[in-house]
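The block underneath contains the structure these notes are about, expressed in structure tokens.
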Amino acid sequence: ILNVEQSPQSLHVQEGDSTNFTCSFPSSNFYALHWYRWETAKSPEALFVMTLNGDEKKKGRISATLNTKEGYSYLYIKGSQPEDSATYLCAFMYSGGGADGLTFGKGTHLIIQP
Amino acid sequence: DSGVTQTPKHLITATGQRVTLRCSPRSGDLSVYWYQQSLDQGLQFLIQYYNGEERAKGNILERFSAQQFPDLHSELNLSSLELGDSALYFCASSVFSGRGTEAFFGQGTRLTVV
């Protein structure tokens, strides 16, 4: 059973502040790490797909880093805005003849307070 | 709008019944994934189809089955329904089946078993 852990489970941040949260995953048989953003009543939307150790990806004020050797990824949001409020999911894909499906963490629920 | 269409959006049915959930992937996407999200659980991978063939299986119960048709739409069949099957069922699609491929999610079907 693959264990993908996200912390914290929820986070309240003041508008304008920067924040970050963590995704931990198995460091063996790494294949890919995905980040998704999930707004209430909508469908999860892909933010980043990361495949190489040391990858850093950026989209606007949101960025992510990847450390496959130690099994973690950070998601950073700079200058949080109310529209950043959502649940952020990470998902791990492993190599090794098993499922190609993504194993999701339970998410970090981010609330930006005006 | 991700381009992935799921029907119906909501479904209420009784225990012991059988239901079929439908997913139309994005145009051109060959791969379809099914996920289940129960209360307090992360997204659980159920099954993947690629170009009409089953590609990978996750935590799918024997009472559940799926198929992908020649036009690439997919159906998830849930039978002998139990109260615990109440969940949000997501379909996702991607162009290929592989590590760097982001998945596009539909808006989900909320199944309530009473």
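Just so it is clear, the values below take in all heavy atoms, side chains as well, and ignore hydrogens, waters and symmetry mates. Given the structure is predicted, the values throughout are model-derived calculations rather than measurements. Proteins get letters first, then strands, A, B, ... in listed order; numbering begins at 1 in each.
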Shortest non-hydrogen separation from A:S43 to B:G106 and the atoms involved: CB-O, 2.8 Å

A:Q14 atom CD: more than 12 heavy-atom contacts under 6.0 Å: yes

Can you confirm whether A:Q113 is buried at CD, in the sense that more than 12 heavy atoms of other residues, nucleotides or ligands lie under 6.0 Å from that atom? yes

Region of B:F90 in contact with chain A, defined by heavy-atom distances below 4.5 Å: side chain

Ordered numerically, the heavy-atom neighbours of chain A under 4.5 Å found in residues 3-11 of chain B are none

Does B:I12 CD1 have over 12 foreign heavy atoms under 6.0 Å away? no

By a 4.5 Å heavy-atom criterion (distance strictly below it), what part of B:L88 contacts chain A: side chain, backbone, both, or neither? side chain

Point-to-point distance, once rounded to the nearest 0.5 Å, from NZ of A:K42 to CD of B:Q107: 8.5 Å

Does A:V13 share a hydrophobic cluster with A:L75, counting links as ILVMFWY side-chain heavy atoms below 4.5 Å and allowing steps through other members? yes

Do B:I47 and B:Y50 sit in one hydrophobic cluster, given that two such residues count as connected whenever their side-chain heavy atoms are within less than 4.5 Å of each other, even indirectly? no

If we ignore hydrogens and angles and just use 3.5 Å, is the side chain of B:Y33 paired with the main-chain N or O of A:L102 as donor and acceptor? no

With hydrophobic residues grouped by side-chain heavy-atom distances under 4.5 Å, do B:L43 and B:L76 end up in a single group? no

B:A103 versus chain A, heavy atoms under 4.5 Å apart: side chain, backbone, both or neither? both

Of the backbone (N, CA, C, O) and the side chain (C-beta and beyond), which part of A:Y36 lies under 4.5 Å from a heavy atom of chain B, both, or neither? side chain

Do B:L46 and B:L111 belong to the same hydrophobic cluster, where Ile, Leu, Val, Met, Phe, Trp and Tyr are linked whenever their side-chain heavy atoms lie under 4.5 Å apart, directly or via other members? yes

If you count every heavy atom of other residues, nucleotides or ligands that lies below 6.0 Å from B:R26 atom CZ, does the total exceed 12? yes

Assess whether atom CD of A:E83 is packed by more than 12 heavy atoms of other residues, nucleotides or ligands within 6.0 Å. yes

Is the ring centre of B:F45 less than 6.0 Å from the ring centre of A:F104? no

Region of A:A41 in contact with chain B, defined by heavy-atom distances below 4.5 Å: backbone

Just to verify, what does B:D71 make a side-chain hydrogen bond (donor to acceptor under 3.5 Å, both in side chains) with, not counting sequence neighbours? B:H73

Taking the side chain as everything from C-beta on, heavy atoms only, tell me whether A:W35 gets closer than 4.5 Å to B:E102. no

Should A:L66 and A:V4 be regarded as members of a common hydrophobic cluster, given that ILVMFWY residues are connected when their side-chain heavy atoms come within less than 4.5 Å of each other, either directly or indirectly? yes

